Q: 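Submitted below is the structure of interest, expressed as structure tokens.
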Amino acid sequence: MNVIQQYLDQNNVTRYKVSKLSGLGQTTLKAAVDSKNGIDGLTGKVIKAIAVALDKTPGTVLDELVQLANYKFNPNKPGIFQWQSVDDVFLMVVD
């Protein structure tokens, strides 16, 4: 699953809702989600649209997307995950 779609799912927001709340076209959002580049090719326009829909700052959205992109989920090791900041570096703690 694309990291952008995963991020939207984790925040309980659909591409349709992002489009309606931000005014960004659904085709633009679909292209971002379908992109093989993940967040590397993400435009500021898409980040701002997601931020509007989630009532977050674009910087927060980008930070969270980067964290999510750097985390590789292993479905064979389920658990409770949370991010903790240690010396300005985010680490994932698994319970």
Side-chain angles (χ1 to χ4, degrees):
M1 176 185 300
N2 179 289
V3 69
I4 300 162
Q5 186 61 53
Q6 186 177 356
Y7 181 75
L8 295 176
D9 291 346
Q10 286 181 354
N11 284 278
N12 299 313
V13 67
T14 63
R15 286 182 279 173
Y16 177 80
K17 185 174 181 180
V18 171
S19 177
K20 287 299 175 190
L21 291 174
S22 68
L24 188 66
Q26 288 188 54
T27 54
T28 302
L29 288 170
K30 182 173 177 9
V33 169
D34 292 344
S35 172
K36 303 262 189 252
N37 295 326
I39 64 169
D40 291 339
L42 201 55
T43 66
K45 189 185 310 186
V46 172
I47 293 170
K48 289 191 308 187
I50 294 170
V52 165
L54 297 177
D55 196 28
K56 296 182 179 187
T57 66
T60 297
V61 170
L62 182 58
D63 288 344
E64 292 172 351
L65 281 165
V66 168
Q67 289 172 4
L68 188 60
N70 288 330
Y71 163 61
K72 304 297 183 209
F73 179 69
N74 183 345
N76 296 319
K77 294 185 178 180
I80 299 170
F81 307 102
Q82 81 184 54
W83 290 99
Q84 289 184 347
S85 178
V86 178
D87 297 328
D88 295 328
V89 176
F90 283 91
L91 303 173
M92 187 181 352
V93 177
V94 180
D95 290 332

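All values reported here derive from a predicted model rather than from experimental measurement. Values below: all heavy atoms of this structure, side chains included; hydrogens, waters and symmetry mates excluded.
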Q: Quick test of your reading: applying side chain to side chain donor-acceptor pair (under 3.5 Å), list the pairs with at least one residue in residues 18-31, sequence neighbours left out, ordered by first then second residue.
A: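 Listed once each, the pairs are K30-D34.
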
Q: What is the distance from atom CG of L54 to atom NZ of K17, rounded to the nearest 0.5 Å?
A: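 That separation rounds to 8.0 Å.
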
Q: Establish, from distance only, whether the side-chain atoms of Q67 and D63 form a donor-acceptor pair under 3.5 Å.
A: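 The criterion, which ignores hydrogens and geometry beyond distance, is not satisfied for D63 and Q67.
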
Q: Group every Ile, Leu, Val, Met, Phe, Trp and Tyr by side-chain heavy-atom contacts under 4.5 Å, then state whether V66 and L68 land in the same group.
A: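 Same hydrophobic cluster.
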
Q: In Å, rounded to the nearest 0.5 Å, how long is the span from CD of E64 to NZ of K56?
A: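 E64 CD to K56 NZ: 3.5 Å, rounded to 0.5 Å.
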
Q: When the side chains of residues 35-49 are checked against the rest of the protein, which donor-acceptor pairs come out under 3.5 Å, sequence neighbours left out?
A:
| unit_1 | atom_1 | unit_2 | atom_2 | d |
| --- | --- | --- | --- | --- |
| S35 | OG | N37 | N | 3.0 |
| T43 | OG1 | V46 | N | 3.3 |

Q: Show the nearest heavy-atom pair for residues L21 and A53, with the distance to one decimal.
A: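 Looking at all heavy atoms of both residues, the shortest contact is CD1-CA, 3.8 Å.
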
Q: Under 4.5 Å between side-chain heavy atoms, hopping through other hydrophobics if needed: is there a path connecting I4 to V52?
A: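 In one cluster with I4: V52, no.
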
Q: Determine the minimum heavy-atom distance between L8 and R15, stating which atoms define it.
A: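 Scanning both residues, the minimum pair turns out to be CD1-CG, 3.7 Å.
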
Q: Mark yes or no for whether N11, through its side chain, and V13, through its backbone, hold a donor-acceptor pair below 3.5 Å.
A: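 Not at all, since once roles are kept as given, no pair shorter than 3.5 Å links the two residues.
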
